[in-house]
Participant: 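Below you will find the structure I want to go over with you.
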Amino acid sequence: MLELLEDWKRTDYCGNLGLKDLDRNVILMGWVQSNRDHGGLIFVDLRDREGIVQVVFNPQLNKESHEKARKLKDEWIIAVKGTVKRRPLETLNQHIKTGEIEVIAKEIKLLNTSKVLPFPIENEIKVDELLRLKYRFLDLRRPLMKDNLILRHEIVSATRNYLNSNGFIEVETPYLTRSTPEGARDFLVPSRLNPGEFYALPQSPQLLKQTLMISGFDRYYQIVRCFRDEDLRADRQPEFTQIDLEMSFVNENNVMEVVEGMLKAIFKLSKGIDIGTPFPRMRYDEAMLKYGNDKPDTRFDLELSDITEIFKNSGFKVFSDPIKRGGIVKALNLKGKVPEFSRKELDDLAEFAKSFGAKGLAWIRVSGDEWQSPITKFLSEAEKEELKRTLKIEDGDIIFFAADRAYTVNLVLSNLRLQLGERFNMIDESKLSFIWVVDFPLLDFDETEKRYVAMHHPFTSPKEADLIHLDTAPEKVKARAYDIVLNGVEIGGGSIRIHRSDIQQKLFDKIGLEAEDAKKKFGFLLEALEYGAPPHGGIALGLDRLVMLLSGANSLRDVIAFPKTQKGICPLTEAPSPVDTEQLLELQIKVDLKQE
RNA sequence: GGGGCCGUAGUUCAGCCCGGUUAGAACGCUGGCCUGUCAAGCCAGAGGUCGCGGGUUCGAGUCCCGUCGGCCCCGCCA
């Protein structure tokens with residue numbers, strides 16, 4: 001019963017028809033979204049990429065077509081010849097954009113059938129994600145998913161247009177490259193021609209784009225896949241896409257200006273939104289102090305306060321002991337929420353805090369002059385006065401405290417801040433809060449490895465003025481690095497690079513990378529730096545995260561066509577998979593699985 | 001490596017605490033009726049390895065242990 005297209009040629013997309021097409025004879029092709037058989041009239045909603053249109057089959061007009069239409073099921077593929085007509089006034093449908101018209105069918109061809117679907121093709125579905133990914137070809141038929149991918153295309157297109165017209169040259173760099181130390185775990189690819197040796201998939205084209213600057217390309221960009229073999233999160237996939245760019249003869253401001261212009265163009269072209277530039281800047285220290293992380297969500301206040309000074313010599317050991325061990329005490333004042341807060345909720349928040357490593361969550365409820373709290377009795381009058389002044393405590397406030405090592409305090413309170421902001425609807429969802437975070441420390445002391453590691457990456461230029469501290473107080477040296485944050489999500493980061501081999505050597509020294517080792521790992525870059533390397537810098541933006549924010553999706557999986565689950569598998573293709581022994585033999589690889 | 005939530009018709013869920021006739025609902029599906037529906041309607045019907053394995057018990061969807069998988073998080077992600 002299936003038919004051939006023969007000489008039928010589509011004239012229009014279903015979703016693009018409107019009053020402008022009245023009385024036109026059209027040929028449409030698409031999927032049956034729904035089939036409403038009234039015994040006499042049959043209404044078929046036909047769907048294609050652009051949308052849905054109602055097709056009407058009338059037995060009095062064409063008995064044979066009507067007979068065929070009766071048999072149609074969801075997601076069958078048909079071609080329809082018909083005429084666009086205005087709908088009777090009382091049957092307009094304002095839920096679809098073609099709702100003012102309908103297509104009166106004359107002929108129909110059944111091009112293909114479909115099995116019954118595992119889930120409906122609708123935006124609002126509650127289906128197990130595994131099932132969606134296994135049937136991704138159906139999941140992507142849902143308008144929401146399709147729109148996300150189209151938005152992604154528009155963002156990429158706007159990015160290319162902007163960079164192309166600003167003198168950037170797109171250059172491809174290899175996916176089969178070499179493993180480098182530092183950073184994330186590499187994905188390895190065995191080399192058949194060099195048994196026992198491996199390529200690594202790039203974590204980013206960092207070294208090669210710097211090399212291109214030394215080659216004199218001056219302005220480079222690439223929309224490029226990057227690979228990192230680390231555990232997955234809602235906002236982390238093992239392969240993801242960067243908008244990667246690099247510029248010669250620039251300082252931080254020049255790079256930021258280009259990125260601001262690019263984001264302006266992206267938001268304008270993809271969503272019609274005018275975003276204000278330049279974006280505000282915040283020093284890393286300030287972000288850590290007030291927000292507890294380096295990606296502050298500045299859509300709402302609820303800032304943290306450091307109250308370590310007040311409890312330095314306190315008798316309250318829960319606060320003073322961590323300080324003696326080098327930790328800190330910080331607090332967050334939730335203004336006027338006492339009436340909305342149950343004891344149960346406080347307990348839940350304590351559990352929430354513990355999940356981030358807190359030992360507990362101290363709180364004070366202020367009602368009138370009374371401070372209801374398990375800790376009040378341990379506080380001296382002077383301490384209470386100081387708290388009142390520092391935290392601007394008033395009737396109805398709830399104060400939360402964390403005392404621990406700085407890392408834990410900031411982790412707990414920054415997450416608590418976000419949790420409370422959400423719980424009390426303090427976040428204006430319509431807001432787009434861009435912010436540059438600047439003045440990052442160059443180095444970070446790694447407690448487990450007992451050495452300094454580059455906070456950004458080891459090619460980041462230190463601030464010239466801070467170089468004198470490099471030997472005496474390395475943690476004081478600031479980097480010429482910058483992160484861009486949108487609504488509390490880090491969407492990109494970059495830096496001005498080191499372009500002098502003597503300084504690069506010094507940095508490698510500092511992070512405990514032996515000269516010989518460095519030469520082996522990055523030799524080509526070190527050598528290139530000795531052949532006239534221009535001052536240069538750049539940035540990489542996370543395309544997937546940007547699309548996620550622009551689309552309102554909650555997971556990267558909703559803006560990537562074929563993503564992976566938390567265990568890193570693709571349920572559609574069933575990758576990864578075992579391979580034939582022959583393949584392994586060719587690669588001279590022996591798999592040694594631990595039996596247990 | 002660790003913590004939390006979840007797994008029952010095709011789908012989304014209820015049942016699990018407190019073990020006991022034939023495991024329910026909605027949507028979807030099948031058949032029939034129906035000429036203005038668009039979440040079409042009405043009538044009838046089919047559909048279950050209760051994730052998997054083991055244990056306790058006269059008896060397990062329900063209790064216990066293990067395991068697999070999904071989601072969220074910590075660690076990790078320069």
Side-chain angles (χ1 to χ4, degrees), chain A residues 33-46 52-61 66 70 73-75 87-96 98-99 102 104 115-122 124-135 138 180-186 203-204 206-207 226-238 240 348 351-358 407-408 411-412 415 419 440 442-444 446 448-449 452-460 479 481 490 493 495 507 511 513 540 542 554-555 557 564-567 569 571 596:
Chain A
Q33 175 75 31
S34 101
N35 183 12
R36 296 179 294 280
D37 183 352
H38 285 237
L41 288 180
I42 294 172
F43 301 97
V44 171
D45 287 344
L46 192 62
I52 285 176
V53 72
Q54 173 165 282
V55 180
V56 186
F57 292 87
N58 187 328
Q60 286 162 355
L61 235 80
H66 181 266
R70 280 187 50 180
K73 305 288 177 194
D74 286 1
E75 298 305 307
R87 286 199 191 194
L89 214 66
E90 62 281 10
T91 67
L92 301 183
N93 182 353
Q94 56 274 65
H95 300 298
I96 56 176
T98 62
E102 61 195 5
I104 308 301
K115 295 187 7 182
V116 173
L117 304 183
F119 53 83
I121 309 301
E122 291 165 2
E124 308 291 326
I125 56 168
K126 280 199 306 179
V127 183
D128 190 78
E129 191 136 355
L130 185 64
L131 199 68
R132 284 178 52 201
L133 291 177
K134 186 173 171 195
Y135 294 95
L138 298 178
T180 53
E182 310 280 316
R185 193 177 293 112
D186 285 320
Q203 296 176 27
S204 89
Q206 183 59 36
L207 298 176
C226 301
F227 306 85
R228 295 178 189 176
D229 187 7
E230 299 293 346
D231 286 2
L232 288 81
R233 290 281 192 286
D235 62 351
R236 265 165 41 190
Q237 283 273 313
F240 60 98
D348 288 348
E351 284 308 308
F352 179 78
K354 281 179 192 164
S355 76
F356 292 99
Y407 175 86
T408 308
L411 182 68
V412 169
N415 281 293
Q419 175 84 357
F440 281 85
L442 182 71
L443 300 166
D444 196 20
D446 188 314
T448 50
E449 295 195 39
Y452 283 97
V453 296
M455 192 149 178
H456 188 57
H457 57 55
F459 316 103
T460 299
E490 185 201 321
S495 64
L507 245 293
I511 61 171
L513 201 58
N554 291 317
S555 165
R557 292 185 299 274
K564 296 185 172 54
T565 67
Q566 200 163 47
K567 288 264 302 212
I569 69 143
E596 198 165 340

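A, B, ... follow the sequence lines: proteins, then strands. Residue 1 opens every chain. Bear in mind the structure is a predicted one, so any value in this text is a computation, not a measurement.
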Participant: May I ask which nucleotide in the shown strands pairs with rG61(B), Watson-Crick or G-U wobble, both distances under 3.5 Å?
Facilitator: none
Participant: Given rG75(B), rU12(B), rC29(B), identify the nucleotide with an atom nearest to the side chain of Val116(A).
Facilitator: rC29(B)
Participant: Please check: side-chain N/O of Gln54(A) versus main-chain N/O of Glu102(A), any donor-acceptor pairing under 3.5 Å?
Facilitator: no
Participant: Can you work out whether Phe119(A) or Ser204(A) has the more 5'-proximal nearest nucleotide on RNA chain B?
Facilitator: Phe119(A)
Participant: If we take the P atom in both rA9(B) and rG48(B), what is their distance in whole Å?
Facilitator: 10 Å
Participant: Of all the choices, rG36(B), rU12(B), rC73(B), which nucleotide is nearest to the side chain of Ala234(A) once you look at every atom?
Facilitator: rC73(B)
Participant: Considering only the P atoms, how many Å lie between rG69(B) and rG55(B), rounded to the nearest integer?
Facilitator: 23 Å
Participant: Is any side-chain N of the basic residue among Arg228(A) and Asp186(A) closer than 4.0 Å to the acidic one's carboxylate O?
Facilitator: no
Participant: Would you say His38(A) stacks on rG36(B), if stacking means ring centres under 5.5 Å apart and planes within less than 30 degrees?
Facilitator: no
Participant: By the 4.0 Å heavy-atom rule, please label Gln60(A) as base, sugar-phosphate, or nothing.
Facilitator: base
Participant: Using purine N1 to pyrimidine N3 plus N6-O4 or O6-N4 for Watson-Crick, or N1-O2 and O6-N3 for G-U wobble, each under 3.5 Å, what pairs with rU56(B)?
Facilitator: none
Participant: For nucleotides rG20(B) and rG3(B), find the distance between their P atoms and express it as a whole number of Å.
Facilitator: 31 Å
Participant: Mind calculating the distance between CG (Asp45(A)) and P (rU37(B)) to the nearest angstrom?
Facilitator: 13 Å
Participant: Can you see if the side chain of Arg132(A) gets near the phosphate of rG70(B) - specifically, an N or O under 4.0 Å from OP1 or OP2?
Facilitator: no
Participant: Return whichever of Phe356(A) or Gly40(A) has its heavy-atom-nearest nucleotide of RNA chain B closer to the 5' end.
Facilitator: Gly40(A)
Participant: In whole Å, I'd like the distance from the CZ atom of Phe352(A) to the C1' atom of rG3(B).
Facilitator: 13 Å
Participant: Output yes when a side-chain donor or acceptor of Arg236(A) lies under 3.5 Å from a complementary backbone atom of Asp231(A), and no otherwise.
Facilitator: yes
Participant: Of the options rC74(B), rC29(B), rC71(B), whose atoms approach the side-chain atoms of Asp74(A) most closely?
Facilitator: rC29(B)
Participant: Check the phosphate of rG69(B) against Lys567(A), side-chain N and O only, distance under 4.0 Å to OP1 or OP2. Yes or no?
Facilitator: yes
Participant: Between P on rG75(B) and CZ on Arg185(A), what's the gap in Å once rounded to a whole number?
Facilitator: 15 Å
Participant: Give Val453(A) one of three labels, base, sugar-phosphate or nothing, depending on what nucleic acid heavy atoms sit under 4.0 Å from its own.
Facilitator: nothing
Participant: Quiz question: going by heavy-atom distance under 3.5 Å, is there a donor-acceptor pair between the base of rC71(B) and the side chain of Arg557(A)?
Facilitator: no
Participant: Paired with rU49(B) by Watson-Crick or G-U wobble geometry, both distances under 3.5 Å: which nucleotide is it?
Facilitator: none
Participant: Looking only at atom C1', what distance separates rG7(B) and rC50(B), rounded to whole Å?
Facilitator: 10 Å
Participant: Can you find a donor-acceptor N/O pair under 3.5 angstrom joining the side chain of Arg228(A) to the base of rC77(B)?
Facilitator: no
Participant: For Phe356(A), does the CZ atom have more than 12 heavy-atom neighbours from other residues, nucleotides or ligands under 6.0 Å away?
Facilitator: yes
Participant: Classify the nucleic acid contact of Pro118(A) as base, sugar-phosphate or nothing, counting any heavy atom under 4.0 Å across all strands shown.
Facilitator: sugar-phosphate
Participant: Just compare rC38(B), rU12(B), rG75(B) and give me whichever is closest to any side-chain atom of Arg36(A).
Facilitator: rC38(B)
Participant: In whole Å, what separates the P atom of rG28(B) from that of rA23(B)?
Facilitator: 25 Å
Participant: Please name the nucleotide paired to rC42(B) by Watson-Crick or G-U wobble geometry with both distances under 3.5 Å, or report none.
Facilitator: rG32(B)
Participant: Is there ring stacking between Phe43(A) and rU37(B), where the centres must be under 5.5 angstrom apart and the planes under 30 degrees?
Facilitator: yes
Participant: So does Asp231(A) reach the base of rG75(B) with its side chain, donor to acceptor, closer than 3.5 Å?
Facilitator: yes
Participant: State, to 0.1 Å, how close Pro59(A) and Gly40(A) come at their nearest heavy-atom pair, and which atoms those are.
Facilitator: CD-O, 3.6 Å
Participant: Assign Thr460(A) to base, sugar-phosphate, or nothing according to its heavy-atom contacts below 4.0 angstrom with the strands shown.
Facilitator: nothing
Participant: Could you state the atom-to-atom distance from CG of Leu232(A) to C1' of rG75(B) in whole Å?
Facilitator: 14 Å
Participant: Out of rC76(B), rC71(B), rU35(B), which has the shortest distance to the side chain of Pro59(A)?
Facilitator: rU35(B)
Participant: Checking base pairs now: Watson-Crick or wobble, both atom distances under 3.5 Å. What partners rC16(B)?
Facilitator: none
Participant: Verify, without hydrogens or angle tests, whether Arg87(A) (side chain) and Leu92(A) (backbone) share a donor-acceptor contact under 3.5 angstrom.
Facilitator: no
Participant: Indicate yes or no for a side-chain donor-acceptor contact from Gln237(A) to the backbone of Lys564(A) under 3.5 Å, with no hydrogens or angles considered.
Facilitator: yes
Participant: Measuring only the C1' atom in each nucleotide, how far is rA60(B) from rU49(B)? A whole number of Å is fine.
Facilitator: 15 Å
Participant: Does a nitrogen or oxygen in the side chain of Thr91(A) sit under 4.0 Å from OP1 or OP2 of rU37(B)?
Facilitator: no
Participant: Look at all strands and tell whether Asn93(A) reaches a base, only sugar-phosphate, or nothing, counting heavy atoms closer than 4.0 Å.
Facilitator: base
Participant: Which base sits across from rG7(B) as a Watson-Crick or G-U pair, both distances under 3.5 Å?
Facilitator: rC68(B)
Participant: Is His457(A) reaching over with its side chain to a backbone N or O of Phe459(A), donor-acceptor style, under 3.5 angstrom?
Facilitator: yes
Participant: Without decimals, in angstroms, what is the distance between Leu130(A) CG and rC68(B) C1'?
Facilitator: 12 Å
Participant: Just to confirm, is there a sub-4.0 Å distance from OP1 or OP2 of rU30(B) to any side-chain nitrogen or oxygen of Lys73(A)?
Facilitator: yes
Participant: Scan Pro458(A) against the nucleic acid and name what it touches under 4.0 Å (heavy atoms): base, sugar-phosphate only, or nothing.
Facilitator: base
Participant: With a non-hydrogen cut-off below 4.0 angstrom, is Glu102(A) in contact with a base, only sugar-phosphate, or nothing?
Facilitator: base
Participant: Check this for me: does the side-chain of Arg87(A) come within 3.5 Å of the base of rU37(B) through a donor and an acceptor?
Facilitator: yes
Participant: Rounded off to whole Å, could you give me the CD-to-C1' distance for the Glu129(A) and rU12(B) pair?
Facilitator: 15 Å
Participant: Using atom C1' in both nucleotides, what's the gap between rG70(B) and rU56(B) to the nearest angstrom?
Facilitator: 29 Å
Participant: Can you figure out which of rG70(B), rC38(B), rC74(B) approaches the side chain of Thr565(A) most closely?
Facilitator: rG70(B)
Participant: Assess whether a salt bridge exists between Arg557(A) and Glu129(A), defined as any Lys/Arg side-chain N lying under 4.0 Å from an Asp/Glu carboxylate O.
Facilitator: yes
Participant: Whole angstroms only, please: what is the CD1-P distance between Ile569(A) and rC71(B)?
Facilitator: 8 Å
Participant: Under 4.0 Å, heavy atoms only, any strand: does Leu131(A) hit a base, just the sugar-phosphate, or nothing?
Facilitator: sugar-phosphate
Participant: For nucleotides rU11(B) and rA39(B), find the distance between their C1' atoms and express it as a whole number of Å.
Facilitator: 16 Å
Participant: Rounded to the Å, how far apart are Asp37(A) CG and rG36(B) C1'?
Facilitator: 13 Å
Participant: Whether the side chain of Ser495(A) engages the backbone of Thr460(A) through a donor-acceptor N/O pair (distance < 3.5 Å, no angle test) should be reported.
Facilitator: no
